[in-house]
Amino acid sequence: MSEPRHWREECGVVGIAGVQGAAELASMALHALQHRGQESAGITVSDGHLITTHKAMGLVADVFDETTVKSLPGTFAIGHVRYSTSGSSNLINAQPIQVASHRGAISLAHNGNLVNAPQLRRTMEQEGSIFSTTSDSEVILHLLARDRAESIPDALQNVLPRLDGAYSLVLLSGDTLIAARDPLGFRPLCLGRFQDSYVVASESCAFDIIGARYLREVEAGEIVVIGRGELASRRIARAERERRCVFEHVYFSRPDSTIFGTSVERTRRRSGEILGREAPADADLVTAVPDSSNTAALGYARATGIPFEMALIRNHYIGRTFISPAQQVRDMSVRIKFNPVAEVLTGRRVVVVDDSIVRGTTMRKLVKLLRQAGAEQVHLRIASPPITNPCFYGIDTPVRKELIASSHTVEEIAAYLRVDSLCYLSLAGLLEATGEGERYCNACFTGDYPVPFESEPDKAVFDRHAAGAELILKPKPGGSPGGPGA
Ligand code: AMP
């Protein structure tokens, strides 16, 4: 389906160390992280000497069938799922990125966004470096290859302080798995115990599927080096306070996950409860926009005493169904995903809880559907504050002017959405829901950016590269796109 372009760089990473059938375990873990990225999937395995990467565009199930997984023997593995805009150019940016260097083969998978990658890349290109992807992650590999330290962990310790922004990364070389998080800890990365060894993953739900036990978060500013059964930890830097992405709790992560050492279910449910206290409504039922707002809606229902009902049914099987522009005008892009339950809605005053409003286009269509299905009143409650600023730390938001709340008041948004009332959760309420509000980044709601960046338009440096790649990679009629990872 041609989805409206929201944000681009959600990703999920996993690392398995010293376990038989590492590729199979990594592919299972990637299934659990599929919600973090549906554009491409990839796994690198190592048997201690030989490193092999398989990656392609598509869902984990499409990229890794039984034959493919069996063709990847090894006891160490890293994996990645990526969400990005559609188009063949993304094939070159599928991860893990495997390179050959004077240290041997290295493979890297990264979740986050480096705000100084354009400058670093520009300098290296001027010095003669040739990049084969348009991704900021490749900059890390170049810096690693250039560093003169003896070992990869030593080199990483030199390189990471040169990076500004967000990185939760896994790196594989020979029989060493390395996991690291930036000093502010924007993106999550969990450490788990599996058999006699260790695993890492963006969210703990990836551990549940393989039967690993959650131990702790890889700490902000920590490098964890895992060999065959042993783990060593070192630090790059300790920031005064972490700035974890609060939107991970609002939308990205699964409620059955622990991230940043906190249950997503707990945070989301609390956010709904606080929203219920802050903005009750006179209504007959509370409903969610499944699945991301289910938990917050349950919290809202509990706090207000209004019964929770399933008034919207989501179709999980639409994938990337093509919707023609003419059909989009008839709202089919939303209708194919959500169908209202007339039996529940007819003649009722409905509170709809959603996790966030980005551009407002989805909600405008949903409200229309709910009314057509018989809802008498629609009161909208959003379990996060208005999104007024783009993110530069791993969620490539639409440009500022496309964020509806960047230029419209709550009253104007309510009028545009044609709802009877609209209330957002306060920032204080959201931060309270996390239990450790001062440790979270809230730049998308406040513009308070914890890591400065050169300038907003500089993001275009990579976009320009990506546009160029699109041209180069456009498949010839009957041919297939080329480039690394093809
Ligand atoms: P919009 O139509 O642009 O306002 O989209 C709002 C919807 O997008 C909400 O229902 C959210 O659940 C969902 N959403 C929020 N953040 C993201 C994201 N990063 N990627 C995809 N969907 C999102």
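Residue numbers count from 1 along this sequence.
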Modelled atom types, side-chain donor and acceptor of S293 and D355, under 3.5 Å: no
message: Is it the case that atom CZ in R162 sees more than 12 heavy atoms from other parts of the structure closer than 6.0 Å?
response: no
field: Test log, rule side chain to side chain contact (heavy atoms under 4.5 Å, CB included), inputs L427 and N442
entry: CA-CA 8 Å; L427 180 62; N442 49 46; 3.9 Å; yes
message: Hydrogens and angles aside, do E203 and S257 bring a side-chain donor and acceptor to less than 3.5 Å of each other?
response: yes
message: Rounded at 0.5 Å granularity, tell me how far OG1 in T75 sits from CG in L25.
response: 11.0 Å
field: Flag, side chain of R381 to backbone of A279, donor-acceptor distance under 3.5 Å
entry: yes
query: At their closest point, which heavy atom of R254 faces which heavy atom of A32, and how far apart are they?
result: NH1-O, 3.2 Å
message: Using 0.5 Å steps for rounding, measure from the NZ atom of K55 to the CD1 atom of I92.
response: 9.5 Å
- prompt: Can you find a pair of side-chain heavy atoms, one from I404 and one from I357, that are under 4.5 Å apart?
  reply: yes
- request: List the steps and the verdict of side chain to side chain contact (heavy atoms under 4.5 Å, CB included) for I78 and L177.
  value: CA-CA 8 Å; I78 58 170; L177 168 71; 3.4 Å; yes
message: If we check side chain to side chain donor-acceptor pair (under 3.5 Å) with S253, which of these qualifies: R268, E248, H35?
response: E248
query: Is the distance between the ring centroids of F207 and F194 less than 6.0 Å?
result: no
- line: Tightest non-hydrogen contact, residues L33 and C205, listed as CD2-SG, 4.3 Å
message: Please determine whether salt bridge (Lys or Arg N to Asp or Glu O under 4.0 Å) holds for the pair R146 and E127, giving the CA-CA distance in whole Å, both sets of side-chain angles, and the decisive distance to 0.1 Å.
response: CA-CA 12 Å; R146 287 165 170 237; E127 290 165 6; 2.7 Å; yes
query: Rounded to the nearest 0.5 Å, how far does CG of L163 lie from OG of S137?
result: 10.0 Å
Flag, side chain of H80 to backbone of L108, donor-acceptor distance under 3.5 Å: no
Closest heavy-atom pair and its distance - P96, T53: O-CG2, 3.9 Å
Pair Y214-D208, side chain to side chain contact (heavy atoms under 4.5 Å, CB included): steps then yes or no: CA-CA 8 Å; Y214 175 83; D208 299 337; over 6 Å; no
- request: Determine whether T295 and V264 make a side-chain contact, defined as any pair of heavy atoms from C-beta on separated by less than 4.5 Å.
  value: no
query: Thinking salt bridges, do R439 and E242 make one under a 4.0 Å N-O criterion?
result: yes
Exercise: identify the closest heavy-atom pair between A23 and V45: CB-CG1, 3.4 Å
query: For residues 37-69, which residue pairs qualify under ring-ring contact (aromatic ring centres under 6.0 Å, His included), counting only residues two or more places apart or in two chains?
result: H54-F64
task: State, with a plain yes or no, whether a side-chain heavy atom of I106 is found less than 4.5 Å away from one of L171.
output: yes
field: Whether F260 and H249 hold their rings parallel, tilted or perpendicular, with breakpoints at 30° and 60°
entry: tilted
- prompt: Distance-only, no hydrogens or angles: does the S202 side chain make a donor-acceptor pair with backbone N or O of V13 under 3.5 Å?
  reply: yes
- line: All heavy atoms of P153 vs all of I178, minimum pair found to be CG-CD1, 3.9 Å
- line: CD1 (I413) and OH (Y424) are apart, to the nearest 0.5 Å, by 3.5 Å
Flag for N111-S168: side-chain donor and acceptor within less than 3.5 Å: no
message: Rounded at 0.5 Å granularity, tell me how far CD1 in I97 sits from OG in S107.
response: 8.0 Å
- request: Without swapping roles, check the side chain of D136 against the backbone of L114 for a donor-acceptor pair under 3.5 Å.
  value: yes
message: Just checking E273: does its CD atom have more than 12 heavy atoms from other residues, nucleotides or ligands closer to it than 6.0 angstrom?
response: yes
query: What distance separates F445 CZ from L430 CG, expressed to the nearest 0.5 Å?
result: 5.5 Å
- request: Let me see the working for Q95 and C11 under side chain to side chain contact (heavy atoms under 4.5 Å, CB included), right down to the final yes or no.
  value: CA-CA 10 Å; Q95 294 195 21; C11 296; 6.0 Å; no
query: Can you tell me if R187 uses its side chain to pair, donor with acceptor, with the backbone of Y393 under 3.5 Å?
result: yes
- prompt: Would you say the side-chain atoms of S129 pair up with the backbone N or O of E125, donor to acceptor, closer than 3.5 Å?
  reply: no
query: Counting distance only, does the side-chain N/O of S46 pair as donor-acceptor with the main-chain N or O of G174 below 3.5 Å?
result: yes
Any residue meeting side-chain hydrogen bond (donor to acceptor under 3.5 Å, both in side chains) with S426, in chain and number order, not counting sequence neighbours: E278
task: Check the pair E10, R82 against salt bridge (Lys or Arg N to Asp or Glu O under 4.0 Å), reporting the backbone distance first and the verdict last.
output: CA-CA 6 Å; E10 287 166 65; R82 177 183 161 91; over 6 Å; no
- request: Please determine, by modelled atom types, if R234 and Q157 share a side-chain donor-acceptor pair under 3.5 angstrom.
  value: yes
message: For D196, I'd like to know if atom CG has over 12 heavy atoms of other residues, nucleotides or ligands within 6.0 Å.
response: no
query: Cation-pi between R193 and Y198: NZ/CZ under 6.0 Å from ring centre and within 45° of the ring axis?
result: yes
task: Output all residues satisfying salt bridge (charged side-chain N to carboxylate O under 4.0 Å, His left out) with D147, sequence neighbours left out; order by chain, then residue number.
output: none
query: Considering all heavy atoms of both residues, which atom of A149 and which atom of A155 are nearest to each other, and what is their separation?
result: CB-N, 3.6 Å
query: Do NZ/NE/NH1/NH2 and the carboxylate oxygens of R243 and D182 come within less than 4.0 Å?
result: no
- prompt: Between the side chain of S204 and the main-chain N/O of T258, is any donor-acceptor distance below 3.5 Å?
  reply: yes
Criterion salt bridge (charged side-chain N to carboxylate O under 4.0 Å, His left out) against E222, the qualifying member of R216, R181, R235: R216
message: Checking the side chain of H142 only, and the main-chain atoms of M124 only, is there a donor and an acceptor separated by less than 3.5 Å?
response: no
query: Within the distance-only criterion (no hydrogens, no angle test), does the side chain of T176 pair as donor or acceptor with the backbone N or O of L172 below 3.5 angstrom?
result: no
message: Just so I know, are the side chains of I236 and P183 near enough to count as touching, which here means a heavy-atom distance under 4.5 Å?
response: yes
